[in-house]
Amino acid sequence: LSVSARAVRTRDGAFAGAALAYNDVTDFMRALKVKDEFVALVSHELRTPLTSIVGYVQILEEDPAIPPHAVEQLRVVHRNAERLRRLIGDLLDTAQRDGSPMPINRSDADLAAIVVESVEAARPTAAGAGVDIALTAPEQLRMSLDAQRIAQAVDNLLSNAIKYTEPGGAVTVRLAADERDVELEVVDTGIGIAPDDCDRLFTRFFRTEDAARRAVAGAGLGLSITKDIVESHGGRVDVESEVGRGSTFRVRLPSVG
Ligand code: ADP
């Protein structure tokens, strides 16, 4: 039960009594408990065994006794297990916070190195999808940020750009800074997004019909988490897009965090 009280006064301000409001919050508390149980279940029953699968697959991939064709198959297992691991992470992030701000752990970091690493990690996927990746970035860009979370945001934008671009297309990543702002652009020549959808893109679980129709894998969580990460750093993320021509996702962060 939640109780709130308010003093009731006469027109000349004298105390006349008190108004008490009783609110039954049983359903709310029950919902909170269900959510906590869900988060615990997903963490233990899904994430823990998956971590062990990824670990053993990695060991087998490096075992010289394993024949090459089996190593190829193990790589597929590994890739898909990683995809599940990311999805579980995104689900936990979304359920745990449930609208509250994302906690950020800032330290001195090099944003240029984070972006370079993210682009390098995406190269095999891009090559597999027949998509070219180009990067322009300064040598170094030191600033105070949560390196892990910012890397997650860059990975999300980059993997979307590759995912939603046809073979033969290109993704261009640009990182630039002036005295006030840092700007990261992820430009693709992909399927594009209709103007109405652009407004809803950053909401949880939203996917365009086009994406769903093309059976591109995804849960619609990446962009909402990306937005939370950028905003919790005092920045903004937006999109410009044209159907059939491609999209530009732009992240702006204040230089002094
Ligand atoms: P997911 O990609 O897992 O579905 P996101 O939250 O990352 O989830 O993206 C939400 C939706 O926004 C996608 O389903 C897709 O419809 C659209 N989208 C995101 N990035 C792009 C892009 N670069 N080009 C076209 N559509 C995109």
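Along the sequence shown, residues carry numbers from 1. Quick caveat, the model's predicted, so the values are computed rather than measured. Atoms within a ligand are numbered from 1 in the order they appear, just like the ligands themselves.
Residue Gly218 has no N or O atom closer than 3.5 Å to an N or O atom of ligand 1. Considering backbone and side-chain N/O atoms, Gly220 comes within less than 3.5 Å of an N/O atom of ligand 1.
Taking every non-hydrogen atom of Leu201 and a distance limit under 4.0 Å, the qualifying atoms of ligand 1 come out as 12 (O), 17 (C). Close contacts between ligand 1 and Ala211 involve ligand atoms 14 (O), 15 (C), 16 (O) [criterion: under 4.0 Å to a heavy atom]. For ligand 1, the atoms closer than 4.0 angstrom to any heavy atom of Phe206 are 10 (C), 11 (C). Those atoms of ligand 1 with a heavy atom of Lys163 less than 4.0 angstrom away are 1 (P), 2 (O), 3 (O). Atom numbering of ligand 1 starts at 1 in the shown order; those under 4.0 Å from a heavy atom of Ser247 are 24 (N).
For atom 7 (O) of ligand 1, the nearest non-hydrogen atom of the protein is Asn160 ND2, 2.8 Å. Shortest contact from atom 24 (N) of ligand 1 to any protein heavy atom: Tyr164 CB, 3.4 Å. Atom 4 (O) of ligand 1 has its closest protein heavy atom at Arg207 NE, 2.6 Å.
The side chain of Phe249, and not its backbone, has at least one atom closer than 4.0 Å to an atom of ligand 1 (non-hydrogen atoms only; side chain from C-beta on).
Between the side chains of Asn156 and Thr226, at least one donor N or O sits under 3.5 Å from an acceptor N or O.
For Arg142, the CZ atom sits in a packed shell: over 12 heavy atoms of surrounding residues, nucleotides or ligands are nearer than 6.0 Å. Annotation: Glu139, atom CD; neighbour count of heavy atoms from other residues, nucleotides and ligands within 6.0 Å does not exceed 12.
Closest to atom 23 (N) of ligand 1 by heavy atom, among Val186, Asp188, Leu221, is Asp188. Considering each of Ile225, Leu223, Thr208, Val243, the one bringing a non-hydrogen atom nearest atom 5 (P) of ligand 1 is Leu223. Between the choices Ala219, Gly222, Ser224, the shortest heavy-atom distance to atom 3 (O) of ligand 1 belongs to Ala219. Considering Thr165, Asp197, Leu158, Ile193 only, the shortest heavy-atom separation from atom 25 (C) of ligand 1 involves Ile193.
Inter-residue side-chain proximity for Met102 and Ile225 is flagged as met; some heavy-atom pair is nearer than 4.5 Å. Within the 4.5 Å cutoff, the side chain of Arg123 has heavy atoms near those of the Val119 side chain. Side chains of Glu82 and Val57 form no contact here, defined as non-hydrogen atoms less than 4.5 Å apart. Side-chain atoms of Asp110 and Leu141, non-hydrogen and from C-beta on, do get closer than 4.5 Å to each other. Counting only heavy atoms from C-beta outward, the side chains of Val77 and Leu60 never approach each other to under 4.5 Å.
Heavy atoms only, all atoms of each residue included: Ser247 and Ser241 are closest at OG-OG, 2.9 Å.
Arg200 pairs with exactly one of Asp196, Thr203, Asp197 by the side chain to side chain donor-acceptor pair (under 3.5 Å) rule, that one being Asp197.
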